[in-house]
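Quick notes on the structure that follows.
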Number of protein chains: 2
Amino acid sequence: MATRTDAPTRREQILKEAARLFAERGFHGVGVDEIGAAVGISGPGLYRHFAGKDAMLAELLVGISGQLLTGAKRRLAEADGAARPEAVLDSLIEGHIDFALDDRPLITLHDRELDRLRDSDRKLVRQLQRQYVELWVEVVREVHPGLAEPAARSAVHSVFGLLNSTPHLGRPGSLPGRAATAALLHRMARGAFAAASPAAG
Amino acid sequence: MATRTDAPTRREQILKEAARLFAERGFHGVGVDEIGAAVGISGPGLYRHFAGKDAMLAELLVGISGQLLTGAKRRLAEADGAARPEAVLDSLIEGHIDFALDDRPLITLHDRELDRLRDSDRKLVRQLQRQYVELWVEVVREVHPGLAEPAARSAVHSVFGLLNSTPHLGRPGSLPGRAATAALLHRMARGAFAAASPAAG
DNA sequence: CAGGGACGTTAGCGCTCGTTAACCTGATGG
DNA sequence: CCATCAGGTTAACGAGCGCTAACGTCCCTG
């Protein structure tokens, strides 16, 4: 992946600030004037870049879901064939943790403001999310064959809850460091999956 | 605990419906007219029972936090003295799971709408939440002495995220049954804590 | 039976918000 | 050198919101 070095476009600035504000105070809790102020322009100026407030949220949520799914598919393809299923699962976990630690506001939005979308956008996001979940379910069941499919699906959702708890972990600074936190979350996710099988215990 | 058999008061009806609506569409996304309609009266009629919309949210959040903390303290006292620390932790987990499964809308509100409260109410809720977390941290560290305090605190928050994932688990009906779900969550929580210690590999 | 409180109702006020309209400005390219 | 256009500005509109005011009705009690 080529790392971005050029300056972010205005659209990107707006999306980033909007994500932060939406995560902090909720979609309805943030006014367009505030979003504008956050990027140095004033309210209606945003409409040169987006069709409306809803469009910003839609682009954010679709982007998140797509990014997660794309990354997961890539990791699956990279580790394809010879790799132990454990390694594939570790790669998925690692990817999700990176996302949860680096883009906390987006993680918050992801399961909080979905209902504010137009029907078509919401269906799209839901479909991307479902694909992402099913991809995890398959890998988890390869690593833990004793796990029935419904239980595996519940386990995946629960581990997402665990990994997405990063916004509650205090500001980055009270944490024991990013690497240590990532390692802790990784161990816990693996432990949770391992304990999900009724046989183990 | 004496089980309620008498009819719920109007206040309780309102709180229950408000919790559901707030969880579904967010605090700002629900109008007082809707809350009123949900209990069969119309908008302004609510003001016979609550000082305002904010007051409903405050009462809900303070109630949740207090209930969680009170229940945890009771469980700790009941199992006091001779009990193995593992049994105490299991009791805490069980209590939290009961809450997460039986009061899903409240669980959703609990970490979503806290910022909408007046300063004094928010401080109160935060204090109750902190006490609840610290109580868990102590018990977890008794069960897993290898866990440093900051890591234990992060682990507790993460397990809360795991347990509070119940709203994402699909409507109760697609689930393999309440008991099975509770057992799955319980196993995963224990497994996550066990895997949190760096020593365990 | 009078009186009052509990619990509703509808009408409407005042404010905020998303959005549009109308206008301005600086860079760009034929 | 002028036309165009991207990207801003402020003013204002219309809708929806929380909340209050004013009023009605039932039921309980002295």
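What you see is a predicted model, and the numbers here were worked out from it, not measured in a lab. Residue numbers start from 1 in every chain, and the chains themselves are labelled A, B, ... in the order their sequence lines are given, proteins ahead of strands.
- Sorted by first and then second residue, the pairs that involve residues 40-67 of chain A and meet side-chain hydrogen bond (donor to acceptor under 3.5 Å, both in side chains), not counting sequence neighbours, are A/R11-A/E59.
- Per the geometry, CG belonging to A/D33 stands 11 Å off C1' belonging to D/dT10, to the nearest Å.
- In terms of heavy-atom proximity, A/V140 sits nearest to A/V156 at CG2-CG2, 4.0 Å.
- Counting heavy atoms from C-beta outward, B/Q127 and B/K123 have side chains that stay 4.5 Å or more apart.
- A/R20 has a carboxylate O that lies under 4.0 Å from a charged side-chain N of A/E17, or vice versa, which qualifies the two as a salt bridge.
- Heavy atoms of B/G31 sit under 4.0 angstrom from primed sugar atoms or phosphate atoms, though from no base atom.
- Without hydrogens or angle criteria, A/R75 side chain to A/L92 main chain gives no donor-acceptor distance under 3.5 Å.
- Running 5' to 3' along DNA chain C, contacts with non-hydrogen atoms of chain B at under 4.0 Å begin and end at C/dC7 to C/dA11.
- With respect to B/E134 and B/R130, no salt bridge is recorded, no charged nitrogen being found less than 4.0 Å from a carboxylate O.
- Distance, A/R48 CZ to D/dT9 C1': 10 Å, rounded to whole Å.
- How far CG of B/L185 is from CG of B/L169: 6.5 Å, rounded to the nearest 0.5 Å.
- The side chain of A/H28 places no N or O atom within less than 4.0 Å of a non-bridging phosphate oxygen (OP1 or OP2) of D/dC17.
- Rounded to whole Å, the distance from CZ on B/F27 to P on D/dG16 is 19 Å.
- Interface residues of residues 37-44 of chain A facing DNA chain C, ordered by number: A/P44; criterion, heavy-atom separation under 4.0 Å.
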